[in-house]
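Right, one structure below, let's go through it.
When a ligand or atom number is given, it counts from 1 through the structure's own listing order. Keep in mind it's a predicted model, so treat the numbers as computed, not measured. As a basis for the values below, the full set of heavy atoms in this structure was taken, side chains included, without hydrogen atoms, waters or symmetry mates.
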Amino acid sequence: MSKVAVSILDADILNLREEIEKVKDADLIHLDIMDGHFVKNLSFGANVCKRINEEFDFYIESHLMVYEPEKFWNDFFLAGSKRIIFHIEATKNPLKLIKTLKKNKTSVGLSLNPETDVKKILKYIKDIDLVLVMSVNPGRGGQRFIDDVLKKVSYLDELRNKYGYRFLLEIDGGINYYTGRKAVKRGIDILVSGSYIFKKGDAKRNLQLLKSIKR
Ligand code: DX5
Ligand code: ZN
């Protein structure tokens, strides 16, 4: 069975409570935080995280698609986000941020865009809890899955098996039952999905389909 992190970016924002209730079987809620600079889009702030945390008991992860994530992570941590995921492309000092996050006992995720070479994150992978492999260029939901990133997934999976690293592998962007199966076969532990859940028919059924995927 796969773990599924449901992204609310493409949920019906005017009925967010009902939308989240539809996916109460999700393993995590994935918040896509966008600053309009790192990605050409703005999404929402820590207040949304706080209200979801108050009303539901999900494990919440915040995917910070922001420059200088050092300035933003704490608001989401205080609002109840248990995992902070930042982009290797968005900070000058990833190691310092990793140490700060670990000192604050939050789960640390590091994300890389489709065109970012996986070698850029190798010196950090022994220190982190999760690698988020982007399978779309960040900034919007509903984009097509970029197959090429699966090579990175296999490479990271082999590396963690060879050296006993404990980081989880998560993939984000264009995930449906078909692309999800390809990703899980390569070693993905957690599937992030947004538009397939909220815009492609029965949310509950599509969530169950993703959860049913086996390696
Ligand atoms: C894109 C976000 C993704 C996206 C997933 O920048 O990081 O989490 O919302 O949406 P789908 O599943 O629709 O590609
Ligand atoms: Zn995301």
Quiz item: Any sub-3.5 Å donor-acceptor pair from Arg186's side-chain atoms to Leu150's backbone N or O?
Solution: yes

Quiz item: Under 3.5 Å, N or O to N or O, is Gly194 touching ligand 1 that way?
Solution: yes

Practice problem: Would you mind counting protein N, O or S atoms that sit less than 2.8 Å from the Zn ion (ligand 2)? | Solution: 4

Quiz item: Is it true that Lys50 and Glu54 make a salt bridge, defined as a side-chain N closer than 4.0 Å to a carboxylate O?
Solution: yes

Quiz item: Looking only at distance, does Gly173 have an N or O less than 3.5 Å from an N or O of ligand 1?
Solution: no

Quiz item: Is there a nitrogen or oxygen of Ser195 sitting under 3.5 Å from a nitrogen or oxygen of ligand 1?
Solution: yes

Quiz item: To which protein heavy atom is atom 3 (C) of ligand 1 closest, and what is the distance rounded to 0.1 Å?
Solution: Asp172 OD1, 2.8 Å

Exercise. May I ask which of Ser111, Gly174, Gly139 has a heavy atom nearer to atom 6 (O) of ligand 1 than the others do?
Key: Gly139

Quiz item: Is it the side chain, the backbone, both or neither of Ser7 that has a heavy atom closer than 4.0 Å to ligand 1?
Solution: side chain

Practice problem: Would you check the N or O atoms of Tyr196, main chain and side chain alike, for any that come under 3.5 Å of an N or O of ligand 1? | Solution: no

Exercise. Considering only non-hydrogen protein atoms, determine which one is nearest to atom 10 (O) of ligand 1 and report residue, atom name and distance to 0.1 Å.
Key: Gly141 CA, 3.6 Å

Quiz item: Applying a 4.0 Å heavy-atom criterion (strictly less than), which segment of Lys199 is in contact with ligand 1: side chain, backbone, both, or neither?
Solution: neither

Quiz item: So, are Asp157 and Arg215 salt-bridged, with charged N and O less than 4.0 Å apart?
Solution: yes

Quiz item: Of the protein's non-hydrogen atoms, which lies at the shortest distance from atom 9 (O) of ligand 1, and what is that distance?
Solution: Asp32 OD2, 3.0 Å

Quiz item: Relative to the heavy atoms of Met134, which atoms of ligand 1 are at a distance of less than 4.0 Å?
Solution: 7 (O)

